[in-house]
Amino acid sequence: MFAVRSSRCSSPVICVEAPLSINQGDSRIELPVNVSPSLGTSIRLRRRWIWSDVSPGTTCVTGCFPRSTAPMELSSAADSLTETAATAAPAPRDDVVSIFPDREVELHTTRSSDFLGLTSMAKRSLTESNIIIGVIDTGVRPESESFSDQGLGSPPGCSLNIQAIFITFLYKLWQMFTVDSKIIGAGYYLPNEWLISPENSISPRDTVGHGTHTASTAAGSATTGTLFGYANGTARGAVPSARLAVYTVCWELVCSDGPRLGTLANFAPWSLTVAASSIDRKFVTNIGLGNGKFYEGTSINRFDLGRTMYPRVTRRNVNASDTTSSSKVDSMEPKYAKGKIVLCNFCNEADLLSAGAVGYLQERGSHVEIAEVRTSLPYACLSANDGTQIHTFINSTRYHHETRECFDPHAPTVATFSSRGPNKVNPNILKPDIAAPGLNILASWAQPISASGSKSDPQLSMFNIVSGTSMSCPHVSGAAAYVKEFHPDWSASAIKSALMTTATPLSPPDNYGAEFGYGSGMLNPTKAIDPGLIYNAEEVYYVRFLCSQGYTRDKLKQITGGISTCQDPFNASLSSDLNYPSVTLVANSSSFVGTFQRIVTNVGNANTTYKVNATGPPALEIVVEPEVLWFNHVGQKKSFIVHVQGTIENAKVALSGSVIWYDGMHVVRSPLVVYASSILKDIENR
């Protein structure tokens, strides 16, 4: 028995949030836990800890389409209409634009876990409760039902000793935060108290909401979840029986910066950089015009406009200071806005309210897919193209507004806000690594939120729907923990390889930036527990990589804590031979040639044969030697070489290919990307 400290847990940690940069960007860094104590010193952070006792065997892992029917008037939002009745409905009235079937999507969960295949029926290990996910974020709200320890029991081999109970008691009195069998430990890192706003609790308690959301996404216990009637179902994390260790290090949040190329900020090869994707559920608001045209916006509205039709005006008509087509509404003239729907680019909701507007439509050039939740008026977000089309019919005065939860047949696609590669620090390492659900994700929140954002609003919820790469990361952390259940002896790089090589490929034409947007593809956890082959990167690989980046012996010692030295002189090409699950080449001219060495370890069947299938466009030739790998026992390693050559005719477009090993059961896929160095120069000059 011993009190868990990060220095005593020999297993790697896959973090939910980045602990160093305090940047909620594109990835969450994974580190060996035995270096964690030094982090507090190197970045001059004060630490506070409290732990339950956990046995040495415990593993640590951090980390609408509406269908139109014949028009017929409905008297209220509560009315219903059968399909038979709709079909037999009389001719439309002038004040009714259209009728949409009020179909409620029945979901077994809050969707994202099921979308990834981690359903309640997914294969589970009896050791899931031995997994600890470290959440490095804004803390958590321990009272949330998502963190209930009911049925978990004490951590394996654990019985709280008197000292732990005493410390827990004092900590509870001081910060009103306690640990249990679900949240087995908590702490905070504080750079400077005077920099922290009074609203923040200087403790592991979450006063922001972000950390509670990510923690419950990764390992939340099963509970009923909904946001004002939307996304009804059972809210649970990817590994609901796993434990949590919570760290507050983030006091301010930073947003992603997609979809431009070169916007991601986490490049380290030992990190798992995660892109944000959609899931097959979306929230839409249907907008009908008097000319019979319909448009689909995005929002979550709790407002009922009934059957009333409202006139609509543009920002030009209601903005007293705007005589041009300015997109910013600085002031409103009530005589123009009162009782109307306002179309604008950047809408000030307070001004709209004071001017008496009954709702607004907001045009966005990007991030249209994010469903805004807390609005004080009926609202919908439109693409710039749809906004222009609606503006064309500005003299039409009829309007129909409703929000629906619908199936998205195009999912998954990478969200526009998700930061893109390429890797600006080491262009030969593909980033991001993988994509996971990050758009409109429902999970627990730290404090009650209202439908309108007003403190006087009686409609409150302890769940929230949020979008960001911070939402996609805990899905991967949960998936990593899921793999760790079945393979407790695997290293962090082995788990990372399993997640990447079993990812579902996505379509380059449907996702801006192609692999720079989604890396290996869409996370597929149930495939990752049996990847067949893995690309394991031992310490020597990372030492060679750092040497290729020009690190000196002293710098290496600071990072590795050992006496590692660079055996070879500085050679930037060594980074290409890092045993990475993807292959990337930067072409300095229109013609290119490259050679890459990789080593795979058999973790599938003892006696098996893998054949290679290398694919790419006509301008990209890929040759793999040898073409066949024979294995006669688990754990056996085999090496191969990838030769790449070809031409790039369009310097603005990357060439996408893949190297796939197949034994009749396992598909081990590595993306291969070649792009012109001019892309990096354009990013630098931007």
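For clarity, every value in this text was computed on a predicted model and none was experimentally measured.
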Exercise for the section: Evaluate the criterion side-chain contact (heavy atoms from CB on, under 4.5 Å) for residue pair Phe147 and Ser216; output intermediate values, then yes/no. Expected result: CA-CA 7 Å; Phe147 307 126; Ser216 60; 4.1 Å; yes
Exercise for the section: Take Arg669 and Thr501 through the side-chain contact (heavy atoms from CB on, under 4.5 Å) test and state the conclusion after the steps. Expected result: CA-CA 5 Å; Arg669 180 182 180 274; Thr501 59; 5.7 Å; no
Practice task
Take Arg598 and Val583, measure what side-chain contact (heavy atoms from CB on, under 4.5 Å) needs, and give me the verdict at the end.
Solution key: CA-CA 9 Å; Arg598 293 292 186 268; Val583 178; 4.0 Å; yes
Practice task
Step by step, work out the ring pair (Phe, Tyr, Trp, His ring centres under 6.0 Å) result for Tyr512 and Phe516.
Solution key: CA-CA 8 Å; Tyr512 176 73; Phe516 293 148; 9.7 Å; no
Handout entry: Residue pair His410, Asp510: steps toward the side-chain contact (heavy atoms from CB on, under 4.5 Å) verdict
Key = CA-CA 9 Å; His410 303 294; Asp510 295 336; over 6 Å; no
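Annotation: side chain of Tyr662 is not in contact with side chain of Lys611 (no heavy-atom distance under 4.5 Å). Val543 is not listed as a side-chain neighbour of Tyr551, based on a closest heavy-atom distance of 4.5 Å or more. A heavy-atom distance below 4.5 Å is not found between the side chains of Lys555 and Leu546. Between Pro422 and Leu261, some side-chain heavy-atom pair lies under the 4.5 Å cut-off. Contact of the Ser493 side chain with the Tyr542 side chain is registered, since non-hydrogen atoms from C-beta on lie closer than 4.5 Å. Residues Pro240 and Glu128 have side chains in contact (heavy-atom distance under 4.5 Å, counting atoms from C-beta outward). Taking the side chain as every heavy atom from C-beta outward, Ile429 and Leu578 approach each other to under 4.5 Å. Annotation: side chain of Ser590 is not in contact with side chain of Ile648 (no heavy-atom distance under 4.5 Å).
No side-chain donor-acceptor contact under 3.5 Å links Ser477 to the backbone of Pro474. Using a distance-only test at 3.5 Å, with no hydrogens or angles considered, no donor-acceptor pair links the side chain of Asp280 to the main chain of Phe407. Proximity of a side-chain donor or acceptor of Asn579 to a complementary backbone N or O of Ile599 within less than 3.5 Å is detected. Using a distance-only test at 3.5 Å, with no hydrogens or angles considered, a donor-acceptor pair links the side chain of Ser418 to the main chain of Ala276. Side-chain atoms of Lys557 do not come within 3.5 Å of backbone N or O of Gly561 as any donor-acceptor pair. Judged purely by atom type and a 3.5 angstrom limit, Ser181 uses its side chain to pair as donor or acceptor with the backbone of Gly153. Side-chain atoms of Asp663 come within 3.5 Å of backbone N or O of Met665 as a donor-acceptor pair. At distances below 3.5 Å, not a single donor-acceptor pair connects side-chain atoms of His643 with backbone N or O atoms of Val623. At least one donor-acceptor pair closer than 3.5 Å links the side chain of Ser497 to the backbone N or O of Tyr535.
Electrostatic pairing of Asp149 and Arg243 does not count as a salt bridge here, judged by no charged N lying under 4.0 Å from a carboxylate O.
For the residue pair Lys496/Tyr580, the side-chain donor-acceptor check at 3.5 Å is satisfied. Between the side chains of Asn536 and Thr601, not a single donor N or O lies within less than 3.5 Å of an accepting N or O. Residues Ser271 and Asn266 bring no donor and acceptor atom of their side chains to less than 3.5 Å of each other. Under 3.5 Å, the side chains of Ser658 and Thr615 contain a donor-acceptor pair of N or O atoms.
For the pair Val674 and Leu620, the tightest heavy-atom approach, listed with the atom from each and the gap, is CG2-CD1, 3.9 Å. Nearest heavy atom pair, residue Val603 against residue Pro531, reads CG2-CG, 3.9 Å. Closest heavy-atom contact between Pro508 and Ala514: CB-CB, 3.8 Å. Here the shortest heavy-atom pairing between Pro626 and Leu629 reads CG-CD2, 3.8 Å. Nearest heavy atom pair, residue Thr214 against residue Ser470, reads CG2-O, 3.3 Å. Nearest heavy-atom pair across Ser670 and Ser582 is CB-CA, 4.3 Å.
Residue pairs meeting the side chain to side chain donor-acceptor pair (under 3.5 Å) criterion with at least one partner in residues 628-640, sequence neighbours excluded, are Glu538-Lys637.
Taken from CG in Asn588 to OG in Ser677, the straight-line distance is 4.5 Å, to the nearest 0.5 Å. Rounding to the nearest 0.5 angstrom, the gap separating the CG atom in Leu672 from the CD1 atom in Ile660 is 11.0 Å. Taking OG of Ser278 as the start and CD1 of Ile441 as the end, the distance is 9.0 Å to the nearest 0.5 Å. Taking OG1 of Thr413 as the reference point, atom CD1 of Ile279 lies at 11.5 Å (rounded to 0.5 Å). Note that the CD1 atom of Ile529 and the CZ atom of Arg124 stand 10.0 Å from one another [nearest 0.5 Å]. Rounded to the nearest 0.5 angstrom, Ile131 CD1 and Ser125 OG are separated by 8.0 Å.
Put simply, the residue from Val628, Val667, Leu533 that forms a side chain to side chain contact (heavy atoms under 4.5 Å, CB included) with Trp661 is Leu533.
The ring-ring contact (aromatic ring centres under 6.0 Å, His included) test applied to Phe592 returns no partner, not counting sequence neighbours.
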Tell me which donor-acceptor pairs under 3.5 Å the side chains of residues 521-528 have, and how far apart each pair is, sequence neighbours excluded?
{"from": "Asn524", "atom 1": "OD1", "to": "Thr526", "atom 2": "OG1", "distance (Å)": "3.4"}

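Ring planes of His487 and Trp490: parallel class, angle under 30° (limits at 30 and 60°).
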